[in-house]
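Have a look at the structure below before the remarks.
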Amino acid sequence: MAGCESGAFTGRDVVVFYAIGCPENKPSPTEYGRLGMMRGKSSATEWETVDATGDMSPQNTQESLVSYKNVTFSGDGVSRKEALYGQKELKRHVNNPESTSGQPYVWFKIISPIDITEGCFLVTSWSDEYPHDDVATWSIEANSAGGVDIRDIPDEIIITKQPVDQTLTVGQTLNLSVEAKSTDGSTLTYQWKKGNSNVTGGTAAMYTKQSTVVGDAGEYTCVITSTSAGSVTSSQATVTIS
């Protein structure tokens, strides 16, 4: 029986990634690292306003217009020594931001179950707390340093099992398989490739070739496609036949 669904979520479900860089240089996905061992995570948007009231404003009521918005991010966590959690690197950068021309610029990507917030921020505060009889903690505060994008989480294809290398002798059967799912439940189609060429008959999650010959050896991948989530290519599997 399927489990229950809930629209609510906890702060544990929100993940924060960071990349040190200038506002004009958006990091690639692989340049982000996770800011780990966090507890509190908070983001907010606040507009600056200007007074637009005049002598003919209706009912003598003040009128306002927005001018600029400020997006803020703050968080705190348990201090850890391991580089894995990114705390040491980030603290060093905030205190000595030479790589970003003396300004403590940091790109943050905050991923929650409902959306993604991504942009460059100016870190205005880093604090460490060292209580005598409790765990050491840290906290951070930052203001937007340019445009901050808030967008929906895109549908995607997730490969849960990659194809693996095969070593066979001539005449044996080749079996290659891949397992994947789409986050929106859309139907997936498959196309196996050998090098850059489509494999004839390789249009399912499992590809089987009986009575192999030396010419069947090579590098195989599978392109998995969804009408709503695009396509993704599996890792490469090397088939050796002797």
Side-chain angles (χ1 to χ4, degrees), residues 6-47 68-128 137-160 180-184 226 228-233 235:
S6 174
F9 58 92
T10 67
R12 188 181 303 171
D13 300 318
V14 180
V15 182
V16 178
F17 296 89
Y18 77 98
I20 295 171
C22 297
E24 65 272 18
N25 298 320
K26 182 179 179 179
S28 68
T30 58
E31 291 177 300
Y32 278 100
R34 182 167 178 177
L35 185 55
M37 292 302 292
M38 295 193 71
R39 285 179 170 174
K41 306 149 193 170
S42 177
S43 62
T45 301
E46 182 177 354
W47 284 92
Y68 301 99
K69 69 178 177 180
N70 181 34
V71 182
T72 60
F73 167 72
S74 61
D76 62 83
V78 176
S79 298
R80 295 292 293 264
K81 296 180 291 184
E82 300 95 325
L84 168 68
Y85 302 114
Q87 301 168 15
K88 181 177 178 179
E89 181 187 26
L90 196 53
K91 178 180 177 179
R92 296 294 187 273
H93 173 67
V94 172
N95 281 273
N96 188 21
E98 290 184 353
S99 63
T100 52
S101 303
Q103 300 294 322
Y105 292 125
V106 178
W107 282 78
F108 287 109
K109 183 187 289 186
I110 306 159
I111 303 178
S112 78
I114 58 174
D115 54 28
I116 298 173
T117 300
E118 181 180 16
C120 188
F121 290 76
L122 189 72
V123 179
T124 57
S125 172
W126 178 282
S127 299
D128 292 298
T137 61
W138 58 271
S139 62
I140 189 173
E141 295 181 0
N143 294 331
S144 53
V148 176
D149 178 34
I150 300 177
R151 61 186 184 273
D152 291 337
I153 298 175
D155 295 322
E156 62 178 335
I157 299 169
I158 300 172
I159 297 179
T160 55
K181 62 182 180 180
S182 57
T183 55
D184 64 345
S226 160
S228 59
S231 63
V232 65
T233 301
S235 61

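Counting begins at 1 with the first residue of the sequence. In this text, all values refer to a predicted model and were calculated from it rather than measured experimentally.
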When rounded to the nearest 0.5 angstrom, what is the spacing between [atom1] in [X] and [atom2] in [Y]?
X: T233; Y: I157; atom1: OG1; atom2: CD1; value: 9.5 Å
X: N95; Y: R92; atom1: CG; atom2: CZ; value: 8.0 Å
X: D115; Y: D149; atom1: CG; atom2: CG; value: 10.0 Å
X: I111; Y: I116; atom1: CD1; atom2: CD1; value: 5.0 Å
X: K181; Y: I159; atom1: NZ; atom2: CD1; value: 12.5 Å
X: E156; Y: S231; atom1: CD; atom2: OG; value: 13.0 Å

key: For F121, ring-ring contact (aromatic ring centres under 6.0 Å, His included) partners two or more places apart   =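 ring-ring contact (aromatic ring centres under 6.0 Å, His included) list for F121, sorted by chain: F108.
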
request  = Quick one: list whatever passes ring-ring contact (aromatic ring centres under 6.0 Å, His included) with W107, sequence neighbours left out.
outcome  = none

query = Just by modelled atom types, is the K81 backbone N or O under 3.5 Å from a matching donor or acceptor in the Q87 side chain?
reply =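 No, Q87 side chain to K81 backbone: no donor-acceptor pair under 3.5 Å.
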
query = Counting distance only, does the side-chain N/O of K41 pair as donor-acceptor with the main-chain N or O of V16 below 3.5 Å?
reply = no

Check [X] against [Y] and note the closest heavy-atom contact, atom names and distance.
X: T160; Y: A180; value: OG1-N, 3.9 Å
X: V14; Y: S112; value: CG2-CB, 3.9 Å
X: S144; Y: N70; value: OG-OD1, 3.2 Å
X: T100; Y: G21; value: CG2-C, 3.8 Å
X: D128; Y: K91; value: OD2-NZ, 2.7 Å
X: P27; Y: A19; value: CG-CB, 3.6 Å

Can you find a pair of side-chain heavy atoms, one from [X] and one from [Y], that are under 4.5 Å apart?
X: T137; Y: D76; answer: no
X: W126; Y: L90; answer: yes
X: S74; Y: E141; answer: yes
X: P104; Y: L122; answer: yes
X: D155; Y: S226; answer: no
X: W138; Y: R39; answer: no

query = CD of E98: more than 12 outside heavy atoms within 6.0 angstrom?
reply = no

inquiry  = Are there over 12 heavy-atom neighbours, none belonging to E46, within less than 6.0 Å of that residue's CD?
reply    =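 At most 12 heavy atoms, drawn from other residues, nucleotides or ligands, come within 6.0 Å of this atom.
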
key: Pair listing, salt bridge (Lys or Arg N to Asp or Glu O under 4.0 Å) test, anchored in residues 8-36, at least two apart   = K26-E118

